[in-house]
Amino acid sequence: MKEITCIICPQGCRLRVDEDRDFEVTGNRCIRGVSYGKSEVRNPVRILTSTVRIKNGSHPRLPVKSDRPLPKEDLMEAMAVLDEVELEAPVNRGDVILEGILGTSVNIVATRDMAK
Amino acid sequence: MAMNPDYELVVIGGGPAGLGAAAAAYDAGLRRILLVERDLEAGGILNQCIHNGFGLHIFKEELTGPEYAGRIIDEIRERGIACLFDTMVLSLEDLGGVKRIGLMSMTEGYRHVTAATVVLAMGCRERTRGAIQTPGTRPSGILTAGTAQRYVNMEGYQVGRRVIILGSGDIGLIMARRMTLEGARVLACVEIMPYPGGLSRNIVQCLEDFGIPLLLSHTISRIEGRRRVEAVTVQKVGEDRRPIPGTEEVFEVDTVLLSVGLIPENELSRAAGIKMDPLTGGPYVFENLETSIPGIFACGNVLHVHDLVDHVTKESRRAGKAAAERVLGEKAGGDAPVIPLLPGPGMGYVLPQKIRKEDFEDSIRVFFRVREPRMTPGRILVRDGEKVILSARRPYMLPGEMDYVDLKPEILSAVTGDHLTLAVES
Ligand code: SF4
């Protein structure tokens, strides 16, 4: 049994999700809590947002994100990979900075333009 | 009015509010628009909010702050709207119609421009420790969450290794996650109220995801350290929000982040003589977002602190359109009788604070925040004297969530009293 907070709406119901009963959800005030509870316990994922170093840009850091969610437990490892990246300006919003992080099919993309 | 102003509209501030107002004014027919921004680039606070979750209402997708900024900056570029960067607005005066704006920059020095209308879009700033009075020494290592956010996300500095966060506003929560990802240890988030200030999504994804405790009904009662912060004392508070003796717990930290609220930045508005609402911290406005000085409008966080940038964009578009209508003479405004809208019991604030009793064509959207959280269903009531003219059910009410009701033209034209009240049903 796992207890989590539903984040779909601000009521923040405390959901109980039973892994032994096919991820049965209780404690939800509405139906939307069920699918959230199931997927959050089965396979919790997050979009990773961070920054990477950039040379000759208007700022020393470029904001980036994963173009799709990553498994929650991989976030720290992905951060270590980003720590090694150093780019050169200019960069455009949407440019792929790193293809297939940690052997996944998820790319890291720039989230802003950065001129020289 | 003899003088022909330099601009039809000057927008003060190049964050989301200013950008939205300028684009909307252009679309409503204005061409001589000037946007003034004190930073080197447009986008405001969005540039440092590198996390995602912005834009679901306006762009129908989840964007990061810089992406949202990039899109609305594109709207300004496409329209060819003139922008002045690295320029401070030092003064704003109403010369009986024409507005005179004092500008200061390194390249141009001090000068004035004139405008037929002005949109105030200066945003807000963070409350600081001085405003909250914590006993102890004054070492370095105490900063607001937003300042830390700028250092970490834009300048690339790590601001601390062992961190405690005072206040559970959204920026503080976001920074708890950010600093953790960057290798710092966040020991706790301390909130004086019995409920969190930020969104539950942020409580979960920024604190619970990383096992950071949220201490509700607690405060930092003492900060210690010679040059750098070395330790803080955290104490439970009673219902009077005073620390309870005997509940002291010491945390060894080198950094305290403050996330204790935001205040609209209205020095310029006050100096111009614009009337302010103590409840919002921003100007009183009419239904078209016009302030007490005709031709000066306000939108975004300078008007009232918003929780979603999408709402800022929507509001700023209304302000830009209203300024254009004033310039193009489409709305007379002026002498119509005014119905004040007052916050009743349970209500933190209402906005607009005044409605002109004109020929009502459209519904008027009234924004409000309730004073206390309530997790059981209740009703929002609008009263004309004793008579309830609107009753809206809510499954729950939270002060952290701005809400609204729409007053339809038929309701508004039937008002007989000299004011309306918005209240939570007791
Ligand atoms: S279960 Fe439904 S009511 Fe409860 S937080 Fe989730 S979405 Fe909101």
Side-chain angles (χ1 to χ4, degrees), chain A residues 2-15 29-30 33 36-37 40 44-55 57-80 82-83 86 91-94 109-115, chain B residues 40-41 43 46-54 62-71 73-74 77 150-157 174 177-178 180-183 195-196 198-210 307 373-377 394-401 403:
Chain A
K2 272 221 171 107
E3 224 183 276
I4 59 168
T5 309
C6 179
I7 61 162
I8 303 300
C9 93
Q11 293 197 70
C13 296
R14 289 302 289 180
L15 306 178
R29 252 172 279 195
C30 85
Y36 174 78
E40 182 62 17
V45 293
R46 302 284 185 267
I47 295 274
L48 176 66
T49 60
S50 188
T51 61
V52 296
R53 287 184 195 84
I54 185 163
K55 278 200 280 196
S58 53
H59 300 279
R61 286 289 185 285
L62 176 80
V64 297
K65 71 169 184 184
S66 61
D67 62 357
R68 268 167 300 136
L70 287 163
K72 198 172 105 178
E73 73 262 21
D74 292 348
L75 294 185
M76 279 309 203
E77 212 179 317
M79 283 296 292
L82 292 184
D83 206 28
E86 184 163 36
V91 171
N92 291 315
R93 185 165 96 230
V109 298
T111 57
R112 66 166 283 173
D113 296 342
M114 197 161 293
Chain B
L40 293 165
E41 57 186 3
L46 285 172
N47 290 326
Q48 67 183 62
C49 299
I50 62 162
H51 56 283
N52 74 325
F54 304 92
E62 267 197 57
L63 302 172
T64 65
E67 289 174 307
Y68 192 107
R71 292 207 187 181
I73 291 169
D74 287 349
R77 288 213 183 107
R150 190 175 171 99
Y151 283 149
V152 174
N153 292 346
M154 296 187 73
E155 329 261 346
Y157 298 123
I174 294 285
R177 170 175 62 189
R178 185 74 189 119
T180 307
L181 285 172
E182 288 291 348
Y195 49 87
L199 301 170
S200 60
R201 169 190 158 119
N202 288 335
I203 302 288
V204 171
Q205 297 197 342
C206 301
L207 299 183
E208 289 178 15
D209 268 12
F210 301 98
D307 15 84
R374 146 180 190 155
M375 293 325 260
T376 53
R394 291 290 181 271
Y396 60 91
M397 298 174 204
L398 292 170
E401 243 195 295
D403 196 355

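The analysis underlying the following values was restricted to heavy atoms, covering all of them including side chains, and did not include hydrogens, waters or symmetry mates. Chain letters run A, B, ... following the sequence lines, proteins first, then strands; residues in each count from 1. It should be emphasised that the depicted structure is a prediction, and the values quoted were computed from it without experimental measurement.
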Any salt bridge between B:Glu67 and B:Arg71, counting N to O under 4.0 Å?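 Salt bridge flag = no for B:Arg71 with B:Glu67.
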Is B:Arg201 salt-bridged to B:Glu62, going by a charged N under 4.0 Å from an acidic O?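 Here B:Arg201 pairs with B:Glu62 in a salt bridge, since their nearest N and O are under 4.0 Å apart.
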Taking salt bridge (Lys or Arg N to Asp or Glu O under 4.0 Å) as the test, write out the residues that go with A:Glu86, two or more places apart. none
To check you understand the geometry: which heavy-atom pair defines the closest contact between B:His51 and A:Thr49, and what is its length? CA-OG1, 3.4 Å
N/O donor-acceptor pairs under 3.5 Å from side chains in residues 3-15 of chain A, not counting sequence neighbours:
residue	atom	partner	partner atom	Å
A:Glu3	OE2	A:Arg14	NE	3.3
A:Glu3	OE2	A:Arg14	NH2	3.4
A:Thr5	OG1	A:Arg14	NH1	2.4
A:Gln11	OE1	A:Arg29	NH1	3.2

If you count heavy-atom pairs under 4.5 Å between each of [options] and chain A, which one has the most?
| options | answer |
| --- | --- |
| B:Gln205, B:Glu155, B:Met375 | B:Gln205 |
| B:Leu199, B:Asp74, B:Asn47 | B:Asp74 |
| B:Leu181, B:Asn202, B:Thr64, B:Asn52 | B:Leu181 |
| B:Ile73, B:Asp209, B:Val204 | B:Asp209 |

Given that the side chain runs from C-beta out, which part of B:Glu401 has a heavy atom under 4.5 Å from chain A: side chain, backbone, both or neither?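 Just the side chain, heavy atoms under 4.5 Å.
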Is it the backbone or the side chain of B:Arg177 that comes under 4.5 Å from a heavy atom of chain A, or both, or neither? neither
